[in-house]
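Remember, it's a predicted structure, so these values are computed and weren't measured experimentally. Residue numbering restarts at 1 for every chain, and letters A, B, ... go by the order of the sequence lines.
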Protein chains: 2
Amino acid sequence: MPLPVIIKDTTPTELDEIVEKAKSASSFLKAISHEGRLMILCHLVSGEKSVTELEDLISARQAAVSQQLSRLRLEGLVIPRRDGKTIFYRLADDKPKRVLEIIYDLFCQEN
Amino acid sequence: MPLPVIIKDTTPTELDEIVEKAKSASSFLKAISHEGRLMILCHLVSGEKSVTELEDLISARQAAVSQQLSRLRLEGLVIPRRDGKTIFYRLADDKPKRVLEIIYDLFCQEN
DNA sequence: TCGTTATATTACATAAATTGAATATGAGGC
DNA sequence: GCCTCATATTCAATTTATGTAATATAACGA
């Protein structure tokens with residue numbers, strides 16, 4: 001959807017595709033725009049973490065973290081791996097990482 | 001907030017700053033995660049557009065577009081410029097552009 | 001099997017975001 | 001001043017998101 005500049009003679013079919021992609025992008029962005037989920041993703045950039053670890057890292061309750069992870073899981077952003085009683089989460093691909101890098105650059109580096 | 005990897009001995013003050021930045025990033029992402037606003041921003045990447053032009057481009061009603069622009073304006077993402085009766089909007093800085101480039105790459109290029 | 005730890009899910013209350021309709025403002029032309 | 005075009009704002013209705021508390025499940029060890 002973004003940059004390719006939508007020119008006047010874009011066909012209806014092309015426009016539909018663009019809107020479809022905008023919807024995906026929109027869901028993805030909504031998923032990462034939650035403060036807690038954003039922090040979780042940040043922590044996962046440095047590697048797998050268990051739910052308990054994440055609870056401590058972002059100072060949130062078990063149920064909250066679990067719900068946030070659940071949302072990220074449904075959205076396909078993270079993948080769980082069970083090891084005995086504990087469940088470790090990791091980033092599913094580099095999409096979140098790519099975006100977080102920019103966000104970090106924009107909000108944590110420049111003034 | 002993201003990438004720098006939050007290490008165990010991060011001080012409380014540092015953590016506060018991180019949380020602050022996460023909040024800003026989170027607001028920004030919320031602002032651009034709305035499908036209509038996302039499309040508006042995309043169109044603005046190629047240059048200033050009037051409200052009426054945007055209405056046509058994203059096939060939305062006047063009030064809706066105006067509200068979405070209002071949100072983007074309050075968030076500091078776009079800047080209005082009046083010329084007679086019409087008002088032209090443009091991106092306030094390259095933050096949205098930088099993020100949209102990545103989003104475009106992730107959702108409209110790769111399969 | 002029972003108890004415990006780790007995580008997930010559900011149900012409910014509340015807050016925030018979004019939409020649509022109606023109305024308001026501001027600029028220009030007559 | 002009055003009318004019209006372009007845009008903004010307001011308000012109520014609805015939807016969606018979020019947090020909390022309670023409960024459920026799954027795995028392990030005694």
Side-chain angles (χ1 to χ4, degrees), chain A residues 19 22-41 43-44 47-92 96, chain B residues 19 22-41 43-44 47-92 96:
Chain A
V19 170
K23 280 197 177 120
S24 308
S26 171
S27 306
F28 171 83
L29 289 169
K30 279 196 172 81
I32 72 173
S33 69
H34 178 276
E35 197 188 324
R37 292 192 295 265
L38 189 57
M39 293 295 289
I40 288 179
L41 291 172
H43 285 293
L44 293 185
E48 245 187 13
K49 301 275 181 302
S50 72
V51 178
T52 304
E53 285 174 324
L54 290 171
E55 284 169 40
D56 295 343
L57 285 168
I58 71 174
S59 310
R61 302 192 180 180
Q62 188 271 319
V65 173
S66 191
Q67 281 171 178
Q68 292 164 179
L69 284 168
S70 156
R71 166 77 188 270
L72 293 172
R73 200 181 342 111
L74 292 174
E75 199 75 35
L77 301 190
V78 300
I79 295 178
R81 172 180 73 82
R82 180 181 277 277
D83 179 4
K85 283 179 287 187
T86 93
I87 295 185
F88 292 93
Y89 278 88
R90 65 171 189 281
L91 298 181
Chain B
V19 170
K23 280 196 177 119
S24 309
S26 170
S27 306
F28 171 83
L29 289 169
K30 279 196 172 80
I32 72 173
S33 69
H34 178 277
E35 197 189 326
R37 292 192 294 264
L38 190 55
M39 294 295 289
I40 287 178
L41 292 172
H43 286 293
L44 293 185
E48 247 188 10
K49 302 273 181 303
S50 73
V51 179
T52 303
E53 285 174 324
L54 289 172
E55 285 171 38
D56 295 343
L57 285 168
I58 71 173
S59 310
R61 304 189 181 180
Q62 189 272 318
V65 172
S66 190
Q67 280 170 180
Q68 292 165 179
L69 284 169
S70 154
R71 167 74 188 271
L72 293 172
R73 198 179 347 108
L74 291 173
E75 199 75 34
L77 301 189
V78 300
I79 295 178
R81 173 180 72 83
R82 177 181 280 276
D83 178 6
K85 282 181 286 189
T86 92
I87 295 184
F88 292 94
Y89 278 87
R90 64 171 191 281
L91 299 182

Heavy-atom closest pair, residues A:Glu75 and A:Phe28
OE2-N, 3.9 Å

Which atom pair, heavy atoms only, marks the closest approach of B:Ser26 to A:Ser33?
OG-O, 2.6 Å

Nearest heavy-atom pair of A:Ala92 and A:Gly76: which atoms, and what distance?
CB-O, 3.2 Å

Mind calculating the distance between NZ (B:Lys23) and P (C:dA16) to the nearest angstrom?
13 Å

Please report the interatomic distance CD(A:Glu55) to CD1(A:Ile40), rounded to the nearest 0.5 Å.
9.5 Å

Hey, which sits more toward the 5' end of DNA chain C by its nearest nucleotide, A:Val51 or B:Gln67?
A:Val51

Only one of A:Arg81, A:Lys49, A:Arg73, A:Glu48 clears side chain to side chain donor-acceptor pair (under 3.5 Å) with A:Tyr89; which?
A:Arg73

Are side-chain heavy atoms of B:Gln68 and B:Ile58 found at a separation under 4.5 Å?
yes

Could you identify which residues of residues 68-86 of chain B place a heavy atom less than 4.0 Å from some atom of DNA chain D, listed by residue number, or say none?
B:Arg73, B:Lys85, B:Thr86

Non-hydrogen atoms of A:Arg71 and A:Ser27 that approach each other most closely
NH2-O, 4.3 Å

Side chains of A:Leu57 and A:Met39: does their closest heavy-atom pair fall under 4.5 Å?
no

Taking atom CG of A:Leu72 and atom CG of A:Leu38, what is their separation to the nearest 0.5 Å?
10.0 Å

Shoot me the first and last contacting nucleotide of DNA chain D against chain B, ordered 5' to 3', at under 4.0 angstrom to non-hydrogen atoms.
D:dC5 to D:dT10

OP1 or OP2 of C:dT19 less than 4.0 angstrom from a side-chain nitrogen or oxygen of B:His34, does that happen here?
yes

Interface with DNA chain C, restricted to residues 58-65 of chain A and to heavy atoms under 4.0 Å
A:Gln62, A:Ala63

Is any side-chain heavy atom of A:Thr52 closer than 4.5 Å to one of A:Val65?
no

Phosphate-side-chain proximity, A:Tyr89 and C:dA8, N/O vs OP1/OP2 below 4.0 Å
yes

